[in-house]
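Structure first, then comments.
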Protein chains: 2
Amino acid sequence: MRTKDEGKESQILEAALRLITQTGLAGLKMADLAREAGVATGTVYIYFIDKTALISRLYIYLIRTAWRDLTSGVAASDPVRIQVQKIAHNYLTENIERPEIGAFFEQYYRSPFYTKADNILTEENTALQPIYDVIARGQAETVIKDVAPDLLVTLVCGMLNEAAKLSLYTGEAFTKADWEATFSVLWDGIKR
Amino acid sequence: MRTKDEGKESQILEAALRLITQTGLAGLKMADLAREAGVATGTVYIYFIDKTALISRLYIYLIRTAWRDLTSGVAASDPVRIQVQKIAHNYLTENIERPEIGAFFEQYYRSPFYTKADNILTEENTALQPIYDVIARGQAETVIKDVAPDLLVTLVCGMLNEAAKLSLYTGEAFTKADWEATFSVLWDGIKR
DNA sequence: TTTCTAAATGAATTTTTATTCACTTACCTT
DNA sequence: AAGGTAAGTGAATAAAAATTCATTTAGAAA
């Protein structure tokens, strides 16, 4: 017997991600997807019962496996400012290098495929947990403004998301100077 | 002779905007659109040659007419900080009150309907011009950081965009305290 | 090797969705 | 009030896209 290739599922999902980045969910066609993934249309239906299931699976796949750990390089002994800097840098880099992820979520939440049933939002927040943690620590040490953490995280991520898009849209690299300016705005904005 | 109702075109466009906010461009169907607009499907084709033209027209319509003037309430004699505050507040309020606009642009730029031919991006930037202006003035007066204006505007709009979404997603109103915290982060971030 | 089972294929089919058009209606002109 | 013209209608049609399935292939078990 031939066994189901575990890798083929993610091969299809990655192809879907690539296409969605280009033409949006509105432009995703199963035939195109099969071609992009290098399989026959029927094959897609061996791995996913239908298009909805495919998209939904992609959502979960991205939440679970796509994001690199934001705390990489962060030492517990680092002062808050340095931790924020490293995490923010990781976050920005990840968004610039894998823009598909942000692009997908942006699309998905407004698509007919998204239902509140996909309430793995809890899990999604897990990715942002390091940001919440460092902000909590900063507030405890009174080096970060005493503002509702949700709002603070929102503002910070908003800045970084948009900064990542800037470099994508202009096609120009995000320079060291850009990063320094960005972090300056970010830190001066949230510090006490 | 019966004359083409000028108002009906925008009636259809507004209906499209409403539906797109709910289900995304991926979910927009001409039949649904006609129902939402209160006309027959054929009527839509009197005003727009096809779906692509409709979406494209909506894009132009939004760029041209949808955004309220961001400088409302701003006096030339106001100091930079106050001008920034008023403009930022207008921007945020507009995004909270008319979330459809931001939602549409988010979708559109990644959809198969968007082509670089729609390079009225120049015109779009017009809406943001007041932000560029006040930043230029602030930099000239050395009260705002000497950072590339594009980056600064990106960061500021990013914050505000995301702040607007927060109140939409949670369903909770953006309080006065939220606004004060937001402006504090924004201003401390960009001021010298 | 041979057999057997499930993966893989892609043309054919079904389903969904966009678009047309023969007809009706409203309103302007005379 | 009659005639003419363009807007409006929605069922019918065309086009596009999703999904199926009879058939082929790969590889595991015997």
Side-chain angles (χ1 to χ4, degrees), chain A residues 1-59 61 104 107-108 110-115 118, chain B residues 1-59 61 104 107-108 110-115 118:
Chain A
M1 164 183 82
R2 214 166 156 194
T3 55
K4 215 187 233 181
D5 179 358
E6 175 54 40
K8 193 155 284 186
E9 180 173 328
S10 45
Q11 173 185 332
I12 294 169
L13 291 175
E14 290 285 348
L17 189 54
R18 250 175 285 134
L19 290 179
I20 290 168
T21 306
Q22 286 168 41
T23 57
L25 273 169
L28 182 69
K29 288 157 210 158
M30 298 303 265
D32 292 348
L33 169 58
R35 192 174 330 105
E36 174 78 18
V39 299
T41 53
T43 306
V44 176
Y45 288 87
I46 292 171
Y47 291 87
F48 308 95
I49 54 168
D50 60 16
K51 189 174 174 180
T52 301
L54 167 76
I55 304 286
S56 173
R57 189 75 192 73
L58 179 54
Y59 173 64
Y61 171 75
F104 175 78
Q107 296 278 311
Y108 182 70
R110 300 190 189 276
S111 77
F113 301 104
Y114 175 71
T115 60
D118 295 328
Chain B
M1 166 185 76
R2 214 166 157 193
T3 54
K4 216 186 233 179
D5 180 357
E6 174 54 39
K8 191 156 288 188
E9 181 174 327
S10 44
Q11 173 184 332
I12 294 170
L13 291 176
E14 290 286 347
L17 188 55
R18 248 175 286 134
L19 290 180
I20 289 169
T21 305
Q22 286 169 41
T23 57
L25 273 169
L28 182 69
K29 286 156 212 160
M30 298 303 266
D32 292 348
L33 170 57
R35 190 174 333 104
E36 174 78 19
V39 300
T41 53
T43 306
V44 175
Y45 287 87
I46 292 170
Y47 290 88
F48 309 96
I49 54 168
D50 61 16
K51 189 175 174 178
T52 301
L54 167 77
I55 304 285
S56 174
R57 188 77 192 72
L58 179 55
Y59 173 64
Y61 171 75
F104 175 78
Q107 296 278 311
Y108 182 69
R110 300 192 189 275
S111 78
F113 301 104
Y114 174 71
T115 60
D118 295 328

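Throughout, protein chains are lettered first and strands after them, A, B, ... in sequence-line order, and every chain is numbered starting at 1.
- Asp32(A) pairs by the salt bridge (Lys or Arg N to Asp or Glu O under 4.0 Å) definition with Arg35(A), not counting sequence neighbours.
- At whole-Å resolution of the value, OH in Tyr47(B) and P in dT19(C) are 18 Å apart.
- A donor-acceptor contact under 3.5 angstrom links the side chains of Tyr61(B) and Glu14(B), judged on distance only.
- Note: CD1 (Ile46(A)) to P (dA7(C)) measures 6 Å, nearest angstrom.
- If you measure from atom NZ of Lys29(B) to atom C1' of dT19(C), you get 17 Å, rounded to the nearest angstrom.
- For Lys8(A), counting side-chain heavy atoms from C-beta on, the closest listed nucleotide (dT20(C), dA8(C), dG10(C)) is dA8(C).
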Would you list the protein and nucleotides 24-28 of chain C atom pairs, both N or O, that sit under 3.5 Å from each other?
| unit_1 | atom_1 | unit_2 | atom_2 | d |
| --- | --- | --- | --- | --- |
| dT25(C) | O2 | Arg2(B) | NH1 | 3.3 |
| dC27(C) | O2 | Met1(B) | N | 3.4 |
| dC28(C) | O4' | Met1(B) | N | 3.0 |
| dC28(C) | O4' | Met1(B) | O | 2.9 |
| dC28(C) | O2 | Met1(B) | N | 3.4 |

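- Atom-to-atom distance recorded for Ile46(B):CD1 and Glu9(B):CD is 12.0 Å, nearest 0.5 angstrom.
- Here the P atom of nucleotide dT15(C) and the CG atom of Asp50(A) are 14 Å apart, to the nearest Å.
- A nucleotide of DNA chain D counts as in contact with chain B when one of its atoms lies under 4.0 Å from a heavy atom; the first and last such, 5' to 3', are dG4(D) to dA11(D).
- Looking at Gln11(B) and Tyr47(B), their side chains never bring a donor and an acceptor atom within 3.5 Å of each other.
- Nearest-nucleotide positions on DNA chain C for Met30(B) and Thr43(B) put Met30(B) closer to the 5' end.
- As a whole-Å value, the separation of Asp32(B) CG from dT16(C) P is 13 Å.
- Protein atom OH of Tyr45(A) is 14 Å distant from nucleotide atom C1' of dT9(C), rounded to whole Å.
- Using modelled atom types, one side-chain atom of Ser111(B) and one backbone atom of Tyr108(B) make a donor-acceptor pair closer than 3.5 Å.
- Judged by distance alone, with hydrogens and angles left aside, the side-chain atoms of Thr21(A) form a donor-acceptor pair with the main-chain N or O of Leu17(A) at under 3.5 Å.
- Distance CG (Leu25(B)) to P (dA18(C)): 12 Å, rounded to an integer number of Å.
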